[in-house]
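Comments concern the structure below.
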Amino acid sequence: MYVALFLLLQTVLGANILHIAPVGAGSHHIWNRALAFGLMNKGHNITMLSHSAEKEKFKNFHIILLEDYFDKALELFTADSVQTNKFLDVKAVYDFSLFSCDHDLATQGLKTLMNYPRDFKFDLIIIDITIEQCLYPLIERFKNPPVVAVTPFLLPPVLSHLFGNPLQAAYMPYYNTKHTDRMSFLERITNFFLIHFEILYRKYIGIPAESKLAKKHFGENIQSFDEVEKNISILISNYDPILSFPLALPPNIIPAGGLHIEPVKPLPNDLKTIVDNAKEGLIIFTLGSYLRSDQMSISKRTAILNAFAKLPQTIFWKFESEIDDLPKNVIVRKWLPQNDILGSPKTKLLITHGGALSTQEAMYHGIPVIAIPFNTDQHSNAGKLASRNMAKILNYEDITTDSFYSAITEILNNPMYSRNIKQLSQRYKDRPEHPLKKAVFWVEYVLRHGSANFLNLASRDMDTYQAASYDVILALLMGLYLLYSLISFIFTSCKFMYLRVYP
Ligand SMILES: *[C@@H]1O[C@H](CO)[C@@H](O)[C@H](O)[C@H]1NC(C)=O
Ligand SMILES: *[C@@H]1O[C@H](CO)[C@@H](O)[C@H](O)[C@H]1NC(C)=O
């Protein structure tokens with residue numbers, strides 16, 4: 001028996017893993033890369049398909065670059081052109097996916113992977129399934145090894161549902177709303193519609209469109225996407241019950257929220273000097289990897305700079321070009337080591353677009369937030385913090401010197417915000433193991449056992465209407481209606497006979 005266990009462990013040492021991480025967003029790359037590094041450090045060999053290049057070379061981490069993506073993609077989004085309709089916002093995600101597929105399927109990078117020797121063996125495939133289902137045929141190309149799905153996009157209801165999770169529409173706020181887990185009746189109606197809208201949109205429009213593109217590229221005979229999805233073992237998600245709202249999860253969804261957050265590293269010398277000299281503390285302002293601060297309208301930029309100029313704090317602004325006449329206390333950089341600055345005891349506030357990774361880092365370090373959400377999950381990330389009094393939300397359209405300045409001073413002068421988020425930080429850090437360790441464990445678990453379909457809830461094999469008992473509710477309502485019709489028929493007949501007998 002020990003020998004068997006030993007052999008089982010042997011096969012797991014140094015597995016060859018293909019990590020398909022095509023979602024075109026810097027944050028997705030950061031999260032996937034953190035997971036890949038966790039696996040590399042356990043001796044596995046990772047080949048990652050990604051849009052982001054790597055400066056350094058590693059022995060067991062190889063990027064196959066889906067080249068030239070960001071030049072095209074970044075043009076699609078600017079701070080001043082953002083979708084505000086919630087339903088169109090859902091559609092926009094699927095359109096974005098098709099746009100990315102169109103690009104990726106034509107890349108040299110994908111050709112490189114497809115041209116691997118026919119008998120080249122990957123022991124396991126990890127795939128970021130948030131979008132770009134068009135790459136599913138890669139799984140078949142490498143002979144259907146066990147597959148682990150991941151999503152850095154917290155836990156979108158549609159993906160959790162794909163793994164058999166009940167919908168929890170009454171208390172699982174949809175990602176592009178500011179709802180909390182305690183919704184009013186009207187909010188629950190919106191939430192219900194948004195969740196079901198996406199499930200139907202994905203099933204009848206999103207997936208068929210992806211599949212059509214894939215067939216054009218990989219051939220008509222590819223495995224059906226339904227089958228491929230049913231066969232994925234587990235979903236490792238960037239969800240955490242403390243960073244997000246508590247939810248029920250089936251055993252095949254592994255919550256590993258915040259796995260990307262690394263220990264704080266010393267700052268580069270130039271930044272260290274600035275931080276050391278910041279007597280009144282620090283503020284960080286960044287809109288993440290997608291929205292370029294330098295594409296904001298000049299009037300917004302001026303309003304923001306005027307507000308900063310009135311403050312005694314030192315402000316780091318992630319800004320992609322130069323600014324003339326910068327106030328003395330504002331430092332702009334194209335790139336900032338955000339996690340390391342957040343870890344400084346001098347940091348008092350993070351001003352952010354409300355991306356999942358940034359807000360998680362703020363919660364980890366206990367730094368209060370001003371969120372300026374633009375699209376998708378940024379709304380719920382912002383809403384979650386604001387409803388717990390750890391943040392204030394500002395609408396981008398409403399930014400003026402006064403509104404910006406007063407939001408900042410409110411957070412800096414009212415200790416409630418900082419106290420609340422520091423308490424959450426302590427609760428999050430109090431845990432049996434680091435989420436990265438947990439995620440690595442579960443990847444190796446699937447390697448050892450070949451699959452994890454024995455963890456599935458039976459609902460994973462049901463249609464939505466069956467899993468949610470809509471058919472039962474409908475049958476009951478119809479039964480009630482029949483009963484009502486029968487009773488009123490008897491009643492009218494009796495009345496009729498009574499009137500006949502006693503006119
Ligand atoms: C590790 O991955 C690289 C890149 O895919 C591949 O060329 C190499 O053969 C792999 N090494 C092993 C030992 O499988
Ligand atoms: C499902 O996964 C198993 C185990 O990895 C594999 O043997 C099988 O071929 C896969 N089937 C399909 C339809 O992908």
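Read the numbers this way: they start at 1 and go in the same order the structure lists the ligands and their atoms.
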message = Closer than 4.0 Å to some heavy atom of Tyr116 - which atoms of ligand 1 meet that?
response = 4 (C), 5 (O)
task = Compute the ring centroids of Tyr171 and Phe245, then answer whether they are less than 6.0 Å apart.
result = no
ask   = Does Arg448 make a cation-pi contact with Phe441, if we ask for NZ or CZ under 6.0 Å from the ring centre and within 45° of the axis?
value = yes
note = Of all protein heavy atoms, the one nearest atom 9 (O) of ligand 1 is Phe120 CE1, 3.8 Å
ask   = Is ligand 1 under 4.0 Å from a heavy atom in the side chain of Phe61, in the backbone, in both, or in neither?
value = neither
query = Is the His51 ring parallel, tilted or perpendicular to the Tyr69 ring (thresholds 30°, 60°)?
reply = parallel
task = Answer yes if the ring centres of Tyr445 and His449 are under 6.0 angstrom apart, and no otherwise.
result = yes
request  = Give a yes or no on whether atom 7 (O) of ligand 1 lies under 4.0 Å from any heavy atom of the protein.
outcome  = no
Options Asn16, Asp123, Ile64, Asn45, ranked by nearest heavy atom to atom 10 (C) of ligand 1, top entry = Asn45
request  = Establish, yes or no, whether a centroid distance under 6.0 Å links the rings of Phe37 and Phe58.
outcome  = yes
